[in-house]
Number of protein chains: 4
Amino acid sequence: MSLILDTPLVKNGHSFYVRAMPKVTAEHRLARRAQIVAAARSCVAEQGFHKTTMADVIRESGLSAGAVYGYFKSKDEIVAAIADDALGSIDKLFDELLARPEPLTPVGALQTVLEHVIFLAEQPGGDVTRIAVQAWAEALHNEAVHATASSKYLLLRGYFVEIARRAQADGTIDADTDPEYIAQVLFGMLPGFILQRLLLGDVSPATYTAGLAALLRP
Amino acid sequence: MSLILDTPLVKNGHSFYVRAMPKVTAEHRLARRAQIVAAARSCVAEQGFHKTTMADVIRESGLSAGAVYGYFKSKDEIVAAIADDALGSIDKLFDELLARPEPLTPVGALQTVLEHVIFLAEQPGGDVTRIAVQAWAEALHNEAVHATASSKYLLLRGYFVEIARRAQADGTIDADTDPEYIAQVLFGMLPGFILQRLLLGDVSPATYTAGLAALLRP
Amino acid sequence: MSLILDTPLVKNGHSFYVRAMPKVTAEHRLARRAQIVAAARSCVAEQGFHKTTMADVIRESGLSAGAVYGYFKSKDEIVAAIADDALGSIDKLFDELLARPEPLTPVGALQTVLEHVIFLAEQPGGDVTRIAVQAWAEALHNEAVHATASSKYLLLRGYFVEIARRAQADGTIDADTDPEYIAQVLFGMLPGFILQRLLLGDVSPATYTAGLAALLRP
Amino acid sequence: MSLILDTPLVKNGHSFYVRAMPKVTAEHRLARRAQIVAAARSCVAEQGFHKTTMADVIRESGLSAGAVYGYFKSKDEIVAAIADDALGSIDKLFDELLARPEPLTPVGALQTVLEHVIFLAEQPGGDVTRIAVQAWAEALHNEAVHATASSKYLLLRGYFVEIARRAQADGTIDADTDPEYIAQVLFGMLPGFILQRLLLGDVSPATYTAGLAALLRP
DNA sequence: GATGAATGAGAATTCATTCAT
DNA sequence: TATGAATGAATTCTCATTCAT
């Protein structure tokens, strides 16, 4: 990004300076925001939202205090952005599920989700599931986080409703039960999986799917 | 804590009250600790661990700063005590389950647990499940809370192992699957229930048990 | 303020500790507030409201940051308190005027006021008139200061209305003019005196009263 | 400031615009400075010197940060420029007074000045008198502003000395009093007028002149 | 010269904890 | 032991100013 001319051009009796109009703004701004969120995310995955100080985020992001505050008005906005970002993983789970050509069974859907959760958790830059757990706690007294969390979770749970409906249609599952209830249970297995993985460390998609399969098999 | 004298002694320009110091120390100490934890718990249920300040706890408990610090060395100790207290509810769930005369089926056990969770959550003094969610987040970077949480959760999950074994013994559940895996799934339904109840507000023991029953019914 | 007893009194089978109930609160609180305002005032007299930092006030007051914030919720509150305090000098001018046994003429009243302004300005702890000038500027965009200033100024101007009325009654001043207008002019000489004294340094009650007397003498 | 090219040059992934640099430098510079001072003045009239940030000035002026700093080395220089500009109104008062063909009486001179003060205050771009009040406060701890203010005020006061001399010459005013003292009082009525107008809002040239006339009439 | 993103010192404020009484 | 005023390090956020383009 070098300045091209140091000496003014002279044309029509006027001197001209060449001014860079960096296209920067749009993408650059987003990239910087992402950079900051990434820095913050890795702090939060380690220390939680509240032990993470702005100084941590600033240091980790490699920017200055002023720069960070140029992209986010407050720590709360960064917290919300991290939560959004982490809960955005839900969208990725969703895409993964919808990419499947054939319809999935309940167990199949759960297995797919669990495997993708593990995949996401192991991405570099801080375990998303750790952030999800922070987000659960935060959502209880932070309306912004609550709003994101509930909408994302309703979305994913909606997918399980669809799975339940199909299973009811082909007679695999009792057709008289509200598919929402079935989805509550299926979706409701995720937090328990995440929590046991983080706190007890002895679950895996394989053990979990095996356990569920055993329960479902008559 | 009776006052012996109603009229203050005045000496050196200061007034003094003479106050009875009951010898009860042992129980008294415990009562005081409980009083502080109760105060702190109701703050934490509303605001979370980190937004709850010592000043909040001190005000809510009706004691003085010095008094509170006489019973707890630090905020961290109070946090640990609240987590212990909240996770102690697990013991109550457990007692509830063991009190049953006849052995429970997986669905029955879950229903019993969910109903008791609701019962505990609705006790006055702050919803325990809100504190549990805070404790999950805290456990990720607070060893004391992590230790309590994991031991309690292993204990409760152990109960579900027992349930699974019984169901395998009487042929209700496939006997070739490790009962630990089955317990992971059964126990793993609790966090999802708690979370959906707090964040989405549309689950109940009835809907959940119906959903699970539909899944299990062939 | 020494603790009287180190060893518990034992009476009626109970042990007693003697607890100091410092009468502190009421007067002590006021004294501390005054101490902080005094510190702040001397800073403000030198540097103005905005160049005076909380760190300055804290250092000058000899207290800690926390202590200062225990008495004032914000810098704005301290600013308001200083303005109140400085504008409270108006009350002192007023008292001075009302203490006079015989009624004053316009020139006499002005002279008395100017002399007392000088007296107050020369008190140790920061020239009040410098703070008054800051308060004028502040009042233009600080509602709290504006409210105090306008009420105090109306009060003092009201005194001059009274002076004007008397002068009209005894025929010294034209009776057909609204005494409020006359008071506006009399009271309105004060800011100009204060300003010329601070910025030009060449006015005194003597020169000012001489000038006014010359104007009034036919 | 005409753009020669409508289509950006693109080079190295950046787009460039070529802009005409008028040779006008001298006037252009002054125009730009005036533009910046005007922007800053309207901010200061609303918020005072210290609440006005450079960001405010930059936004209001429509220029870039760099551009503003190209014309003023620091905020302090802008503050000084605004004060100079506002105190420059004194020159306008002065011109107004000297433009009168016949010599003025003290009351006449004051009336003329007050009326012109109102005229200036009501010009668009921020009430000059509000800025004057800020300048008074600033002059107490800003040598540049102090220097400008005192020289301007001495100048205007000098005019009143002249008025006083004339009145002494034609016997309207006692000849034994130093005309400087009389000027102190006459000039000293201005700040009180400005302040009462801004803080109390109930004075006008008419009420003020009426009040003064009543005082002077035997 | 012009731009505006970036800088970083410094400001206001909070809060866990202590300690004289 | 009990009190609660006091402490001061740590935290969030601002804003005058610079500098690569």
Side-chain angles (χ1 to χ4, degrees), chain A residues 1-6 8 15-22 24-25 28-29 32 53-58 63-76, chain B residues 1 12 14 16-17 19 21 25 53-58 63-71 73-76 78, chain C residues 1-4 6 8 15-22 24-25 28-29 32 50 53-58 63-76, chain D residues 1 12 14 16-17 19 21 25 28-29 52-58 63-76 78:
Chain A
M1 275 196 265
S2 56
L3 186 55
I4 304 303
L5 301 176
D6 284 331
S15 24
F16 297 90
Y17 279 88
V18 173
R19 169 165 48 118
M21 288 287 282
V24 166
T25 356
H28 182 250
R29 245 194 116 65
R32 276 281 200 255
T53 68
M54 286 305 289
D56 291 337
V57 175
I58 287 158
L63 295 174
S64 64
V68 169
Y69 276 91
Y71 292 95
F72 293 93
K73 277 214 294 282
S74 64
K75 185 181 174 182
D76 259 13
Chain B
M1 258 206 300
N12 297 342
H14 286 85
F16 297 88
Y17 282 91
R19 186 213 284 203
M21 283 305 298
T25 346
T53 66
M54 286 304 289
D56 291 337
V57 174
I58 287 159
L63 297 175
S64 67
V68 169
Y69 275 88
Y71 293 99
K73 274 215 299 279
S74 66
K75 185 181 176 182
D76 263 10
I78 296 184
Chain C
M1 275 197 265
S2 56
L3 185 55
I4 304 303
D6 285 331
S15 24
F16 297 90
Y17 280 89
V18 173
R19 169 165 48 120
M21 288 286 282
V24 167
T25 358
H28 182 250
R29 243 194 117 67
R32 276 281 200 256
H50 297 278
T53 68
M54 287 303 290
D56 291 338
V57 175
I58 288 159
L63 294 174
S64 65
V68 170
Y69 276 91
Y71 292 94
F72 294 93
K73 277 214 296 281
S74 64
K75 184 180 176 183
D76 260 12
Chain D
M1 260 205 298
N12 296 343
H14 285 85
F16 297 90
Y17 282 91
R19 187 212 286 202
M21 283 303 301
T25 344
H28 181 251
R29 258 196 96 74
T52 296
T53 66
M54 286 303 289
D56 291 338
V57 174
I58 288 160
L63 297 175
S64 67
V68 170
Y69 274 89
Y71 292 99
F72 292 94
K73 274 216 298 281
S74 66
K75 184 181 175 182
D76 262 10
I78 296 184

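Between atom OH of residue A/Y69 and atom CG of residue A/L63 there is a gap of 13.0 Å, rounded to the nearest 0.5 Å. The CZ atom of A/F72 sits 12.0 Å away from atom CZ of A/R32, with the distance rounded to the nearest 0.5 Å.
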Any chance you could encode DNA chain E as dot-bracket? Rule is Watson-Crick or G-U wobble with both distances under 3.5 Å; [ ] for pairs crossing earlier ones, | for another strand.
-> .||||||||||||||||||||
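The phosphate of F/dA6 has OP1 or OP2 within less than 4.0 Å of a side-chain N or O from C/H28. One finds no side-chain N or O of C/R29 lying less than 4.0 angstrom from the OP1 or OP2 phosphate oxygen of F/dA5.
Nucleic acid contact for B/L63: none, since no nucleic acid atom lies under 4.0 Å from a heavy atom of the residue.
For C/F72 and E/dT14, the CZ to P distance is 15 Å, given to the nearest whole Å. The CD1 atom of D/I78 sits 15 Å away from the P atom of F/dC15 (whole-angstrom rounding).
Of all heavy-atom pairs spanning D/T52 and D/K75, the tightest one is O-NZ, 2.7 Å.
For the side-chain hydrogen bond (donor to acceptor under 3.5 Å, both in side chains) test, no residue two or more places apart in sequence or in another chain qualifies with D/S74.
In the set F/dA2, F/dG8, E/dA6, E/dA6 carries the atom at the smallest distance from any side-chain atom of A/A67.
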Strictly under 3.5 Å: I want the nitrogen or oxygen pairs between protein and nucleotides 10-14 of chain F, one per line.
residue: F/dT12; atom: OP1; partner: A/K75; partner atom: NZ; Å: 3.2
residue: F/dT12; atom: OP2; partner: A/M54; partner atom: N; Å: 2.8
residue: F/dC13; atom: OP2; partner: A/Y69; partner atom: OH; Å: 2.8
residue: F/dC13; atom: OP2; partner: A/K75; partner atom: N; Å: 2.9

